[in-house]
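Inspection log for the structure reproduced underneath, given as structure tokens.
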Amino acid sequence: MARKPHQYRFSVGPWNFSEGQDPYGPPTRPAQPFDWKLEQVKRMGFDAMMFHDDDAVPDLDEKKDAQIRREARELKKRLDDAGLFAEIVAPRLWFSPKTIDGAYTSNDPKCRRYAIERSLRCIDIARALGCKLIVLWLAREGTYVRESKDASRCVDYLVQAIDKMLAHDKSIRIAIEPKPNEPMDVAYIPTIGHALAVAQLCSDPKRVGALIETAHCILAGLDPADEIDFACRFGKLWSIHLNDQNGLKFDQDKPFGSVNLRSAFDQVRALERHRYGSRGECVAFDVHPFRTTKVEHWSKHLENSRRTFLHLVEKARSFDEAAAKELIKDRNYADLDQMVLEHLMGV
Ligand code: XLS
Ligand code: MG
């Protein structure tokens, strides 16, 4: 019997309304206050917002715990009023002078301690926002110089940090977002396999899972759809950042499907196969406007990514699975290949 198709919920981060600066030039759009971003998210009809800890409470290293909690509660109220919720909160562990040599894996014990304390405050913020999912993008956990760190000891540091977070709040779950490089030359958790292996070493492996970002898989030379299937097979895909990436270069965060529509279709098909979203997971688009984007087109990359996604959900649901099965039985992959292309072209 065919299963009832489920609805998707969509989420977006304030950083997805970026201003266009790159290492070679200044912003091309004027910075907007948080309320403007909230208004855009509401207007677009998204369901949730993602936060870094300091998106929620700016300059939190300078603030006392009580003030942090108060500001987070005020934000929760604004989200409630807008009919939105916080999908994830992620500690920003790559900005402070204390994370120059890494956060959890810094060679300096004082800096490692800072990273853990900051992560526990991030959990307190998440709690005030009514959010149970903490995302770890391990931006600076890796090396520029291979001999500068012991990669095996760094696994222990990561596990110790995650264990402290799990103990701090028994109700949170942690989703690790792998990325193979940038800002580091070589990162310690480059793929979903690495993330899930680390989860197994933690004190409560059931509460440690993953967030997949399309571009990060491509940068690791992997197929994002296979990564989705792999994580889902373990019941570990708890959030997703769909976007696109044109080959092995700087992290581009292009609109979903903008480079490789077929790969985007395969990603959606994998999500559909596992009924991703039916257990409350959100679809987020970790996309950025092109630098050339005018102010009046500032949200287009998000709306367009959602449009492409929803069209591809239709394409996945209308794909002739029975015909595909016959072709697979006959090992006629040539026609299977063409069938996918013509389905996407609508011919
Ligand atoms: C950067 C990451 C970041 C995370 C949240 O590449 O994708 O945006 O999603 O920390
Ligand atoms: Mg991301």
Side-chain angles (χ1 to χ4, degrees), residues 3-17 34 37-52 55-56 75-90 125-135 137 171-177 207 209-214 224-225 227-229 231-232 235-244 253 255-257 264-265 267-288 299-317:
R3 288 185 302 182
K4 201 164 159 277
H6 64 280
Q7 298 275 327
Y8 286 94
R9 296 193 303 175
F10 299 100
S11 163
V12 59
W15 64 89
N16 297 127
F17 297 93
F34 176 76
K37 297 177 183 177
L38 188 67
E39 207 37 59
Q40 301 302 310
V41 177
K42 226 174 99 178
R43 180 188 57 73
M44 292 189 297
F46 276 55
D47 304 276
M49 284 191 81
M50 313 185 275
F51 293 95
H52 292 115
D55 295 324
L75 173 60
K76 165 87 162 78
K77 168 120 197 3
R78 276 147 88 196
L79 290 172
D80 287 349
D81 291 347
L84 297 165
F85 64 92
E87 186 220 349
I88 61 138
V89 186
I125 291 172
R127 191 185 295 137
L129 293 178
C131 170
K132 303 278 187 204
L133 189 57
I134 305 297
V135 166
W137 172 45
S171 69
I172 54 142
R173 291 184 304 157
I174 295 175
I176 301 173
E177 178 178 356
R207 290 201 283 139
L211 181 160
I212 288 180
E213 176 164 324
T214 312
E227 292 287 271
I228 291 172
D229 265 329
C232 286
K236 292 285 195 176
L237 187 62
W238 298 344
S239 184
I240 189 148
H241 285 175
L242 297 176
N243 58 15
D244 217 344
D253 295 332
F256 182 50
F265 168 71
Q267 290 168 64
V268 172
R269 199 159 167 253
L271 294 173
E272 281 277 297
R273 182 162 40 238
H274 295 282
R275 293 182 68 72
Y276 177 87
S278 65
R279 292 160 293 267
E281 310 93 327
C282 286
V283 170
F285 302 107
D286 205 353
V287 293
H288 286 268
S299 305
K300 287 284 179 193
H301 60 306
L302 291 160
E303 292 176 283
N304 291 342
S305 290
R306 184 181 54 185
R307 271 168 74 97
T308 304
F309 177 84
L310 290 170
H311 282 309
L312 289 175
V313 168
E314 285 315 308
K315 286 285 174 191
R317 289 177 184 172

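Here the structure is a predicted model, which means the values were calculated and not measured.
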Inset, instruction - Give the minimum heavy-atom separation between Leu211 and Ile240, together with the two atoms involved. - result: CG-N, 4.2 Å
Legend entry - Exam field: side chain Asp244 to backbone Pro255, donor-acceptor pair closer than 3.5 Å: no
Inset, instruction - Step by step, work out the side-chain contact (heavy atoms from CB on, under 4.5 Å) result for Leu310 and Phe10. - result: CA-CA 11 Å; Leu310 290 170; Phe10 299 100; 3.9 Å; yes
Inset, instruction - Say whether, by atom type as modelled, one donor and one acceptor occur between the side chain of Arg9 and the main chain of Gly277 under 3.5 angstrom. - result: no
Inset, instruction - Of all the heavy-atom pairs spanning Arg275 and Arg279, show the shortest one and how long it is. - result: O-NH2, 3.3 Å
Inset, instruction - Please report the shortest heavy-atom distance between Ala264 and Gly257, naming the atom on each side. - result: CB-CA, 3.8 Å
Inset, instruction - Starting at CD of Gln40, measure out to CZ of Phe17 and round the result to the nearest 0.5 Å. - result: 5.5 Å
Legend entry - Side chains of Val313 and Leu271 in contact at under 4.5 Å (non-hydrogen atoms): no
Legend entry - Taking every non-hydrogen atom, the tightest pair across Glu87 and Ala48: CB-CB, 4.0 Å
Inset, instruction - Examine distances only and state if a side-chain atom of Arg173 and a backbone atom of Lys132 form a donor-acceptor pair shorter than 3.5 Å. - result: no
Inset, instruction - Examine distances only and state if a side-chain atom of Trp238 and a backbone atom of Gly235 form a donor-acceptor pair shorter than 3.5 Å. - result: yes
Inset, instruction - Report the C-alpha distance between Met50 and Cys282 in whole Å, list the side-chain angles of each, state the deciding distance to 0.1 Å, and finish with yes or no for side-chain contact (heavy atoms from CB on, under 4.5 Å). - result: CA-CA 10 Å; Met50 313 185 275; Cys282 286; over 6 Å; no
Inset, instruction - Given side-chain contact (heavy atoms from CB on, under 4.5 Å), test Phe256 with Gln267 step by step and report yes or no. - result: CA-CA 10 Å; Phe256 182 50; Gln267 290 168 64; 3.8 Å; yes
Legend entry - Side chain to side chain, Val12 and Phe285, heavy atoms closer than 4.5 Å: no
Inset, instruction - Please answer whether the main-chain N or O of Ile228 pairs with a side-chain N or O of Tyr276 as donor and acceptor at a distance below 3.5 Å. - result: no
Legend entry - Side-chain heavy-atom pair Asp253, Asn16 within 4.5 angstrom cut-off: no
Legend entry - Residues Lys315, Glu272: salt bridge by 4.0 Å N-O rule: no
Legend entry - Non-hydrogen side-chain atoms of Asp55 and Val89 separated by less than 4.5 Å: no
Legend entry - Side-chain H-bond candidate by donor/acceptor type, Asp286 with Asn243, under 3.5 Å: no
Inset, instruction - Mark yes or no for whether Asn304, through its side chain, and His301, through its backbone, hold a donor-acceptor pair below 3.5 Å. - result: no
Inset, instruction - May I ask you to decide if the ring planes of Phe51 and Phe34 are parallel, tilted or perpendicular, using 30° and 60° as cut-offs? - result: tilted
Legend entry - Gap between atom OG of Ser239 and atom CD of Glu177 - 0.5 Å precision: 8.0 Å
Inset, instruction - Check whether any side-chain heavy atom of His274 sits under 4.5 Å from a side-chain heavy atom of Asp229, and report yes or no. - result: yes
Inset, instruction - Please tell me if the side chains of Arg273 and Cys232 come closer than 4.5 Å, counting only heavy atoms from C-beta onward. - result: no
Legend entry - Pairwise distance CZ(Arg307) to CG(Leu312) - rounded to 0.5 angstrom: 12.0 Å
Legend entry - Where Lys37 and Pro14 come nearest, the two heavy atoms and their spacing: NZ-O, 3.5 Å
Legend entry - Leu302/Val41 under side-chain contact (heavy atoms from CB on, under 4.5 Å): CA gap, chis, key distance, verdict: CA-CA 9 Å; Leu302 291 160; Val41 177; over 6 Å; no
Inset, instruction - Find the distance between CG (Leu84) and CG (Asp47) and round it off to the nearest 0.5 Å. - result: 8.0 Å
Inset, instruction - State, with a plain yes or no, whether a side-chain heavy atom of Phe46 is found less than 4.5 Å away from one of Ser11. - result: no
Legend entry - Contact summary for Leu133 and Ala175, nearest pair of heavy atoms: CD1-CB, 4.1 Å
Legend entry - Between CZ on residue Arg306 and NE2 on residue His311, distance to nearest 0.5 Å: 11.5 Å
Inset, instruction - Please determine which of Lys76, Lys77, Arg78 meets the salt bridge (charged side-chain N to carboxylate O under 4.0 Å, His left out) test together with Asp80. - result: Lys76
